[in-house]
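Accompanying notes for the structure given below.
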Amino acid sequence: IVAKFPARILEPRFPSLSSRHFVSFQPGGPFASMLLAYLNELSNENSPLSDADMEPLAENIANLLNMVATHHGVADCDSKALRRQALLRLIRRHACDPELSLEFVADKLHVSRRLVQQMLKDNATSFTDFLTQERLQLVADKLAPGSDLPVSQVAYASGFSDVSHFNHVFKRRYGMSPTEYRRSLM
């Protein structure tokens, strides 16, 4: 991908750019896919963006470029929204893993457990609650008509390791058992 950005946005984060007209690198690390997805989404935009739209987008891209190019984590990112997006995306990507933990997420993002907890608190949730809701959504999607997998297998495949606990939280969220939910979709 070739991207063109205003120098005033990138130079504070990459002082060495002031002496160059372009820079090329192979992105790596946990934020490379996010940067690529962000740039692809922007390149697919059919209507031109206004200058007012471009400024915050360029800021977010500059933050992502900095994290990818320097292999820093979200703690060094200037944008709270971008930090939150990276956190939620990581949890969603690994929600099916029954071993997913706060420690894993903090380590992947190169931040403390406390910062992860605070970012989620700012989003009016906790790690456990957000992960449970993501897993329940995965289950609900997999219980769609045409699926003949046993409910317990769907629960395990969605990251739950205890079927009894799964049944309890599912019923609390949807007001019916997973089997009743599946029947209601038919």
Side-chain angles (χ1 to χ4, degrees), residues 1-17 23-45 49-50 52-142 157-161 169 173:
I1 290 181
V2 176
K4 192 174 174 180
F5 301 101
R8 73 184 185 298
I9 300 292
L10 296 178
E11 283 177 349
R13 289 172 179 80
F14 303 98
S16 62
L17 285 182
V23 65
S24 176
F25 67 94
Q26 292 290 354
F31 299 100
S33 61
M34 184 183 284
L35 174 61
L36 185 60
Y38 205 88
L39 291 172
N40 278 329
E41 186 64 32
L42 289 173
S43 69
N44 291 333
E45 186 66 36
L49 297 169
S50 70
D53 293 334
M54 201 55 193
E55 192 74 26
L57 291 173
E59 279 291 326
N60 283 344
I61 291 168
N63 280 322
L64 278 170
L65 274 171
N66 186 33
M67 290 187 297
V68 169
T70 61
H71 303 288
H72 289 262
V74 294
D76 296 326
C77 176
D78 291 339
S79 168
K80 273 183 112 170
L82 195 56
R83 283 194 302 260
R84 185 178 59 248
Q85 182 183 3
L87 170 64
L88 300 180
R89 184 180 178 130
L90 180 66
I91 294 171
R92 285 182 180 119
R93 187 179 311 132
H94 294 277
C96 290
D97 180 359
E99 301 298 316
L100 182 62
S101 67
L102 184 60
E103 292 77 17
F104 172 85
V105 171
D107 184 55
K108 280 288 192 189
L109 296 175
H110 306 290
V111 298
S112 69
R113 292 177 57 209
R114 181 70 191 119
L115 183 56
V116 171
Q117 291 170 323
Q118 186 59 50
M119 287 192 294
L120 288 167
K121 183 178 178 187
D122 291 346
N123 214 38
T125 191
S126 68
F127 179 78
T128 302
D129 289 345
F130 184 77
L131 181 56
T132 300
Q133 294 309 311
E134 285 302 309
R135 288 176 173 168
L136 286 171
Q137 186 59 54
L138 289 168
V139 168
D141 294 343
K142 291 175 185 175
S158 300
F160 288 97
S161 56
V169 295
R173 169 147 184 213

Reported CD1-to-CZ distance for the pair Ile91 and Phe104, which is rounded to 0.5 angstrom: 10.5 Å

Quick check for you: to the nearest 0.5 Å, what is the distance between Asp107 atom CG and Leu102 atom CG? 11.0 Å

Suppose we screen for side chain to side chain donor-acceptor pair (under 3.5 Å). Which residues come up paired with Glu134, at least two apart in sequence or across chains? Arg92

From Arg135 atom CZ to Asp97 atom CG, the distance as rounded to the nearest 0.5 Å: 7.5 Å

Walk me through it: do Leu120 and Leu88 pass the test side-chain contact (heavy atoms from CB on, under 4.5 Å)? CA-CA 9 Å; Leu120 288 167; Leu88 300 180; 3.9 Å; yes

Enter the distance from Arg173:CZ to Thr132:OG1 here, rounded to the nearest 0.5 Å. 10.0 Å

Can you see which heavy atom on Leu138 is nearest to which on Cys96, and at what distance? CD1-SG, 3.6 Å

Any chance you could measure Ser161, atom OG, to Glu99, atom CD, to the nearest 0.5 Å? 7.5 Å

With sequence neighbours excluded, give me every salt bridge (Lys or Arg N to Asp or Glu O under 4.0 Å) pair touching residues 118-132. Lys80-Asp122

Mind jotting down which residue pairs meet the ring pair (Phe, Tyr, Trp, His ring centres under 6.0 Å) criterion with at least one end in residues 113-138? Sequence neighbours excluded, please. none

Rounded at 0.5 Å granularity, tell me how far CZ in Arg89 sits from NE2 in His94. 10.5 Å

